[in-house]
2 protein chains.
Amino acid sequence: MGIAERKEREKQQRRKDIIDAAEKVFFSKGIEAATMEEIAEAAELSKGTLYLYFRNKEELQYAIKMRASEILGDQFLNQLDEKSNGIEMVERIGRSFIEFSKEFPDHFNLMMHFEGKNLDNLNMEDPHIQKYFREESPLILFTRVIAKGQQDGSIRNDITAEVLTHNLWAMTTGVLQFLTKQRMVLELCGHPGDVAHYIEGLFSILRSGIAKIRKS
Amino acid sequence: MGIAERKEREKQQRRKDIIDAAEKVFFSKGIEAATMEEIAEAAELSKGTLYLYFRNKEELQYAIKMRASEILGDQFLNQLDEKSNGIEMVERIGRSFIEFSKEFPDHFNLMMHFEGKNLDNLNMEDPHIQKYFREESPLILFTRVIAKGQQDGSIRNDITAEVLTHNLWAMTTGVLQFLTKQRMVLELCGHPGDVAHYIEGLFSILRSGIAKIRKS
DNA sequence: TTTAATTTTTGACTTTTAGTCATTTTATAA
DNA sequence: TTATAAAATGACTAAAAGTCAAAAATTAAA
């Protein structure tokens with residue numbers, strides 16, 4: 001029974017090779033400019049083969065975005081710390097997100113690209129995508145941290161952990177998107193934004209926004 | 001000297017006609033599926049003529065997005081109210097944004113589409129775009145309201161009005177983007193989101209986040 | 001080992017659409 | 001009425017995504 005298993009392994013390896021090649025091409029040429037033909041060349045395969053492993057260009061891009069999320073999730077994991085309370089850990093996680101954007105700018109940009117895009121061209125039944133959302137999304141870990149903060153009394157508990165999580169995530173990505181893609185716009189408005197300044201503003205607002213409300 | 005003026009007027013009218021046609025086609029067929037050929041037909045012009053008025057497809061989309069922003073800016077204007085203090089007006093403006101998304105869903109979607117997109121294909125020297133950013137963007141009005149809130153003591157003043165404004169805007173659009181485009185994702189995560197619930201969470205977080213910090 | 005069946009890969013081909021530009025049409029000035 | 005300028009046309013080009021019948025490679029059977 002070893003042949004079927006070996007073939008399956010080889011298939012997964014080829015899939016991985018294609019994603020590697022796509023990463024190189026997307027990141028060097030830019031996500032829009034990169035062509036499937038170029039990716040095929042980089043993977044030493046023909047274009048047709050790509051379509052045996054990925055339904056379309058977008059699904060291939062999404063495979064890279066899932067990798068990016070994995071990296072980010074690992075960084076989040078490193079921020080867990082028994083000594084800190086929930087809200088401190090949330091801040092650490094937030095800052096590690098900023099670090100991630102600097103350390104892996106290409107992966108970060110790809111993530112942001114999908115953050116504001118409908119996913120109609122994607123097959124949501126795809127097992128890779130299903131698995132990602134059920135088990136690997138960084139938001140799963142983040143929700144646990146928020147819940148911990150609610151238990152230790154550092155984070156407000158009048159909003160469910162899920163709603164808090166998704167709001168925090170969406171607010172943060174919203175600001176990061178704004179800062180990366182609209183830098184020229186800011187200049188046009190006459191605010192040649194000091195990015196760090198904006199980030200500190202964001203954290204400050206969020207800190208007050210999610211902290212347990214002190215009874216006065 | 002009347003001829004040059006009339007010609008200029010006619011030119012602007014034709015430009016408007018093209019945007020009208022584009023609006024119809026983009027909104028009925030969807031922004032991706034719509035073709036320049038279809039828009040030309042709808043405008044009773046040839047495709048080439050479109051390119052005399054707009055550099056490329058994206059610039060035409062952006063013209064509609066600017067219209068959307070104008071509508072939104074008008075709605076913001078209606079929320080101004082001498083009796084309310086700054087933070088109350090900010091909340092009213094926020095809620096009018098939600099109303100806008102329901103009343104003009106197509107315009108809203110187009111706005112969100114551009115909110116997370118680089119503008120490389122756009123000619124930022126274009127006078128229409130310049131004018132928009134300098135004079136018409138809803139953010140200009142919003143900044144004034146924030147500043148008022150800082151003066152009347154209802155909004156924190158340890159962050160500049162501009163940074164507060166852009167952060168609030170980016171956070172809100174981030175959440176709205178998340179809710180519209182990722183509805184299916186939320187279901188996949190096992191949170192068949194009650195959208196209104198998320199929105200209330202957002203407002204609650206932002207209220208605490210930007211309020212003047214009371215000395216305890 | 002040879003042959004048949006199955007799986008995987010290929011790349012030429014189709015289709016679609018954005019954007020161009022030489023030519024034609026229309027409007028203005030002489 | 002003719003010349004000049006401005007505006008509009010649509011056939012054409014280029015680029016790239018996605019398809020599919022045929023070829024190559026692999027595995028199973030005889």
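Residue numbers start from 1 in every chain, and the chains themselves are labelled A, B, ... in the order their sequence lines are given, proteins ahead of strands.
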What is the distance from CD of A:Q12 to P of C:dT8, rounded to the nearest Å?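 It is 12 Å, rounded to the nearest whole Å.
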
Consider only side-chain N and O atoms of A:Q130 and A:R134, and report whether a donor and an acceptor are under 3.5 Å apart.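 Per modelled atom types, A:Q130 and A:R134 side chains form a pair under 3.5 Å.
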
Whole-Å distance separating the CD1 atom of A:I39 from the C1' atom of D:dG18: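 Answer to the nearest Å: 13 Å.
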
A:R55, CZ atom: more than 12 neighbouring heavy atoms under 6.0 Å: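 Counting neighbours around CZ of A:R55, 12 or fewer heavy atoms of other residues, nucleotides or ligands fall under 6.0 Å, so no.
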
When all nucleic acid strands are considered with a 4.0 Å heavy-atom cut-off, which category describes A:A40: base, sugar-phosphate, or nothing?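 Nothing: the residue A:A40, judged by heavy atoms under 4.0 Å, touches no strand.
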
Restricting to pairs with a member in residues 24-38 of chain B, which pass salt bridge (Lys or Arg N to Asp or Glu O under 4.0 Å), not counting sequence neighbours?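 The answer is B:K29-B:E38.
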
Measure CD/A:E41 against P/D:dA16 and give the value in whole Å, please.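 In whole Å, D:dA16 P and A:E41 CD are 12 Å from each other.
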
Those residues of residues 17-28 of chain B lying under 4.0 Å from DNA chain D by at least one heavy atom: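 Those residues: none at all.
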
Would you mind reading off the distance between A:M36 atom CE and D:dG18 atom C1', rounded to a whole angstrom?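 For the pair A:M36 CE and D:dG18 C1', the rounded distance is 9 Å.
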
Hey, could you give me the CZ/CG distance between A:R14 and A:L50, rounded to the nearest 0.5 Å?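 One finds 10.5 Å between CZ of A:R14 and CG of A:L50.
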
Determine whether the aromatic ring centres of B:F104 and B:F100 lie less than 6.0 Å apart.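 Close enough - the centres of the two rings lie under 6.0 Å apart.
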
Least distance between heavy atoms, B:G94 atom then B:F203 atom: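 Answer, listing the atom of B:G94 first, then B:F203: C-CZ, 3.5 Å.
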
Let me know the distance between CZ of B:R14 and C1' of D:dA7, rounded to the nearest Å.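 Going from B:R14 (CZ) to D:dA7 (C1'), I get 9 Å.
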
Results of side chain to side chain donor-acceptor pair (under 3.5 Å) for B:Q12 - residues two or more places apart only: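 For B:Q12, the residues satisfying side chain to side chain donor-acceptor pair (under 3.5 Å) (neighbours in sequence not counted) are B:E8.
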
Could you state the atom-to-atom distance from CG of B:N56 to C1' of C:dT17 in whole Å?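 Value for this atom pair: 14 Å.
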
Ionic contact status for B:E41 with B:K47, cut-off 4.0 Å: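 The answer is no: the pair does not qualify as a salt bridge.
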
In this structure, how many angstroms lie between the C1' atom of D:dA17 and the CG atom of A:L60, rounded?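 The answer, rounded to whole Å, is 13 Å.
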
Is a side-chain donor-acceptor pair under 3.5 Å present for B:R156 with A:S204?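 The answer is yes; a qualifying pair exists.
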
Quick tally for nucleotides 24-30 of chain C: nucleotides whose base has a protein heavy atom under 4.0 Å get B, sugar-phosphate-only ones S, the rest -, giving ----SS-

Within residues 42-54 of chain B: residues closer than 4.0 Å to DNA chain C (heavy atoms):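 Heavy-atom cutoff 4.0 Å gives B:K47, B:Y51.
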
List the residues meeting salt bridge (charged side-chain N to carboxylate O under 4.0 Å, His left out) with B:R95, not counting sequence neighbours, and say none if there are none.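 Expected list: B:E91, B:E200.
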
Check whether any side-chain nitrogen or oxygen of B:R55 sits under 4.0 Å from OP1 or OP2 of C:dG19, and answer yes or no.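 Indeed not, no polar side-chain atom of B:R55 lies that close.
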
Does the ring centre of B:H107 sit less than 6.0 Å away from the ring centre of B:F27?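 Aromatic pair counts; centres sit under 6.0 Å.
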
Quickly work out the B:E37 CD to C:dT16 C1' distance and round it to whole Å.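 Result: 12 Å.
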
